[in-house]
A.B. asks: 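Mind looking over this structure? Questions follow.
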Amino acid sequence: TALLSLLYLGLFLFHAAQRYRHMAEMVSQIDDILHGGKTDLMKDCKEGELAILSAQINKMIRRLKEQADKLQDKKNFLTDFMADVSHQIKTPLTSIHLLLSFLKEEDVTEQRRIEIAQDLTKLTNRIDWLIYALLHISKLDAGTIVFKQECFSVAALLKKAYDAIAVSLDIRGISWKADIPESITVTGDISWMAEAIGNILKNCMEHTPEGGAISVSCEDNPLYTAILISDTGCGFCEEDLPHIFERFYRGKNSDNNSIGIGLALARRIVTSQGGAITASNRKEGGAQFRILLYKSTV
């Protein structure tokens, strides 16, 4: 009995020593992780309670590492975003300062003053549009905008978007065709969707020459409603297609006054309401945008 008791006591002390050693190693590893010494996971323990504790701590470490990586990605995105914004604002501001210096000259003619004033108006409108679009994108990213869920006809949506550029289309000599049945309806926020489609129409207008045309058609089925917007312009370069919805991206065929924010805002609005948007080149020439608005029952 005495020998068995000593044997059990020896085994107990041995296992206790092993457990305390593993616990000391865990404490050391946690300390290294907290102080940035390493980001590796803890070594797995083969003992019962310590194995469970080690597994749970490893889960927590993975989650914290994922959060840290996401925060770093957001910081990098914010840094790049601010650099792009400052560049987009700095360019027209430099032109504004230059034009203002021309106005200070004594020998400036009245005609030249009018031209400078028109250029200043265009540049200030560009800055105003940039700030307007960035504020809207920021609100969408932050999730502070609550979209209305109302039923409206696609025809009414397109009319609302078309009215904003009707004069510009007429001045440029671009024809408009939209044959949408009044019976086709979708659910969402008509004001925001009109904003998105309006930006797409502006992009089509900027890339369509005088005498060209912009047409809109619609497909409706039990799964989704598709709005197809096509133009007879130059279309997209193949290398630009994967990037045209990125913020501040300007393709090879972009207008000199283009900022590269309109299509990004359009996609953000559409996707925020559960839709999807793609762009492609038409076989006949020109570009085509496809907006999918899924049915609420899906």
A.B. asks: Which heavy-atom pair separates I200 from I291 by the least distance, and what is that distance?
C.D. replies: CD1-CD1, 3.6 Å
A.B. asks: Could you grab the distance from atom NE2 of H97 to atom NZ of K90, nearest 0.5 Å is fine?
C.D. replies: 10.5 Å
A.B. asks: Quick check: closest heavy atoms across E105 and R113, and the distance to 0.1 Å?
C.D. replies: O-NH2, 4.0 Å
A.B. asks: For the residue pair I180 and L157, establish whether any side-chain heavy-atom pair is separated by less than 4.5 Å.
C.D. replies: no
A.B. asks: For a side chain to side chain contact (heavy atoms under 4.5 Å, CB included) with S230, tell me which candidate from K177, R290, E284, Q288 qualifies.
C.D. replies: Q288
A.B. asks: At what distance, to the nearest 0.5 angstrom, does CD1 of I116 lie from CD of Q111?
C.D. replies: 10.5 Å
A.B. asks: side-chain contact (heavy atoms from CB on, under 4.5 Å) between D220 and V154: does it pass, once the steps are laid out?
C.D. replies: CA-CA 10 Å; D220 190 51; V154 176; over 6 Å; no
A.B. asks: Starting at CG of L99, measure out to CD of E115 and round the result to the nearest 0.5 Å.
C.D. replies: 11.0 Å
A.B. asks: Mind checking whether L134 and Y132 sit in one hydrophobic cluster, side chains of I, L, V, M, F, W, Y counted as touching below 4.5 Å?
C.D. replies: yes
A.B. asks: Can you name the closest pair of heavy atoms from A213 and T208 and give their distance?
C.D. replies: N-CG2, 3.8 Å
A.B. asks: Do any N or O atoms from the side chain of Q273 and from the backbone of D189 form a donor-acceptor pair under 3.5 angstrom?
C.D. replies: yes
A.B. asks: Quick one: CG on L158 to CG on D179, what's the gap to the nearest 0.5 Å?
C.D. replies: 11.0 Å
A.B. asks: Could you tell me if the side chain of L130 sits less than 4.5 Å from the side chain of R126, heavy atoms only?
C.D. replies: no
A.B. asks: Checking the side chain of R282 only, and the main-chain atoms of D231 only, is there a donor and an acceptor separated by less than 3.5 Å?
C.D. replies: yes
A.B. asks: Name the orientation class of the two ring planes belonging to F236 and H207 (parallel below 30°, tilted from 30 to 60°, perpendicular beyond 60°).
C.D. replies: tilted
A.B. asks: Please identify which of these residues, L135, I269, T271, meets the side chain to side chain contact (heavy atoms under 4.5 Å, CB included) condition with L140.
C.D. replies: I269
A.B. asks: If you compare all heavy atoms of A196 against all heavy atoms of A266, which two are closest, and at what distance to 0.1 Å?
C.D. replies: O-CB, 3.5 Å
A.B. asks: Please report the interatomic distance CD1(I214) to CG(L169), rounded to the nearest 0.5 Å.
C.D. replies: 5.0 Å
A.B. asks: Under a single-linkage definition using a 4.5 Å side-chain heavy-atom cutoff for Ile, Leu, Val, Met, Phe, Trp and Tyr, are I244 and L228 assigned to the same hydrophobic cluster?
C.D. replies: no
A.B. asks: Starting from V108, can I reach L120 by hopping between I/L/V/M/F/W/Y residues whose side chains sit under 4.5 Å apart?
C.D. replies: no
A.B. asks: Could you state whether I96 and I131 fall into the same hydrophobic cluster, counting links through intermediate Ile, Leu, Val, Met, Phe, Trp or Tyr residues with side-chain heavy atoms under 4.5 angstrom apart?
C.D. replies: yes
A.B. asks: How close do A161 and A194 get, heavy atom to heavy atom, and via which atoms?
C.D. replies: CB-O, 3.8 Å
A.B. asks: Side-chain heavy atoms under 4.5 angstrom apart, residues restricted to Ile, Leu, Val, Met, Phe, Trp, Tyr: same cluster for L93 and I261?
C.D. replies: yes
A.B. asks: Is there side-chain contact between L263 and E246, with heavy atoms separated by less than 4.5 Å?
C.D. replies: no
A.B. asks: Distance check, rounded to the nearest 0.5 Å: K122 atom NZ versus N125 atom CG?
C.D. replies: 10.0 Å
A.B. asks: Given side-chain contact (heavy atoms from CB on, under 4.5 Å), test I197 with V216 step by step and report yes or no.
C.D. replies: CA-CA 11 Å; I197 292 178; V216 183; over 6 Å; no
A.B. asks: What do the steps show when you test R247 against L265 for side-chain contact (heavy atoms from CB on, under 4.5 Å), and what is the final call?
C.D. replies: CA-CA 8 Å; R247 298 176 190 181; L265 177 58; over 6 Å; no
A.B. asks: Decide yes or no on side-chain contact (heavy atoms from CB on, under 4.5 Å) for V186 and M193, but give the supporting numbers first.
C.D. replies: CA-CA 11 Å; V186 293; M193 286 302 301; over 6 Å; no
A.B. asks: How close do Y294 and G274 get, counting heavy atoms only, and between which atoms?
C.D. replies: CD1-O, 3.2 Å
A.B. asks: Taking side chain as C-beta onward, heavy atoms only, is N221 less than 4.5 Å from K295?
C.D. replies: no
